[in-house]
Amino acid sequence: MDTGDGMGGAGKLEGKVAIVTGGGQGIGEAIAAAYAAEGAKVLVTGRTLGKLEDVVARIAAAGGTALALDALAGETAQSEATVARALSEWGRIDVLVNNAHTFTDYLPLSDPKMEEHCKVDFQSAFFGSLQLMQACYPHMAAQGGGSIINMGSSYGIRCEPGFLAYAASKEAIRALTKTAAREWGKDRIRVNTILPSALSPKALWYLEESKTYDAELAKVAMGRFGEPEDIAPTAVFLASDASDFVTGQTIGVEGGATML
């Protein structure tokens with residue numbers, strides 16, 4: 001699959017409409033580009049319109065179809081507006097990728113600000129995912145199915161010190177995924193979680209700032225950190241008809257850093 005300068009994909013997502021949140025950079029951008037390369041029409045959302053418009057311009061220059069929409073994850077009205085925009089432009093929603101997450105900084109469990117940090121992480125990641133899933137559900141059910149892909153984290157499983165807010169919200173997303181898979185399977189709506197590990201701008205900043213780059217790299221069985229483009233093929237698979245019998249699963253795309 002070519003997700004670079006040319007739309008050289010095999011059309012695995014031809015005719016599908018996808019929403020990708022947090023699509024202004026990193027993993028979200030890579031997934032949006034890969035979807036467009038495979039023939040999907042993509043609504044790319046996030047907090048910074050300028051970044052989103054740059055992503056859409058790159059997709060368009062490569063021959064793909066995408067639109068930018070500034071929408072804050074975890075705001076009900078904006079979640080509903082996101083779904084309404086996709087429907088008004090393209091008439092359907094086949095794929096939802098919940099990638100957006102407002103990440104709070106490292107914080108010891110004993111810090112009195114922990115509760116506030118948890119509220120921030122849960123509002124953007126958990127409630128943001130829940131709201132969009134609920135908004136998409138009736139439309140996916142009416143059209144005969146769809147695919148929802150939520151982003152978890154190996155940190156949720158490993159529970160690294162200082163990451164309670166982040167880890168707890170990511171594990172809540174895995175519970176959300178499995179519950180939705182159980183409840184919506186009859187509607188042919190598949191719901192899965194990806195555990196990604198990639199050097200997004202935020203991840204690289206943290207590794208350098210905390211001086212943990214080498215320690216974290218040592219945990220990766222394959223001996224290297226992933227790139228956003230390493231995550232996109234799995235997101236394409238889960239969005240495509242090739243994964244028609246895959247739901248409720250957690251799929252690690254992290255080089256063996258966490259082996260379930």
Should we count CZ of Arg92 as having more than 12 external heavy atoms under 6.0 Å? yes
Is there a donor-acceptor pair closer than 3.5 Å between any side-chain N or O of Glu116 and the backbone N or O of Cys118? no
Any chance CZ of Arg182 has more than 12 other-residue heavy atoms, nucleotides or ligands included, within less than 6.0 Å? no
Evaluate the side-chain proximity of Thr65 to Ile59: yes if any heavy-atom separation is below 4.5 Å, no if none is. no
Does the Asp111 side chain pair with the main chain of Pro108, one donor and one acceptor, at a distance under 3.5 Å? no
Should the pair Glu29-Arg58 be classified as a salt bridge under the 4.0 Å nitrogen-to-oxygen rule? yes
Can you find a pair of side-chain heavy atoms, one from Ile194 and one from Ile149, that are under 4.5 Å apart? yes
Check: Ser197/Glu254 side-chain N/O donor and acceptor closer than 3.5 Å: no
Using 30° and 60° as the class limits, which term best fits the ring planes of His101 and Tyr166: parallel, tilted or perpendicular? tilted
State plainly whether the residues Glu183 and Lys178 are in salt-bridge range, i.e. N to O under 4.0 Å. no
Do Thr193 and Arg174 meet the criterion of a side-chain donor-acceptor pair at a distance under 3.5 Å? no
Side-chain (Lys170) to main-chain (Met151) donor-acceptor, under 3.5 angstrom: yes
Atom NZ of Lys186 with >12 non-hydrogen neighbours under 6.0 angstrom: yes
Please determine if Lys12 and Asp241 form a salt bridge, counting it only when a charged side-chain N lies under 4.0 Å from a carboxylate O. no
Donor-acceptor contact present, side-chain Arg190 to main-chain Leu238, <3.5 Å: yes
Are Leu195 and Ile157 side-chain neighbours, meaning at least one heavy-atom pair lies under 4.5 Å? yes
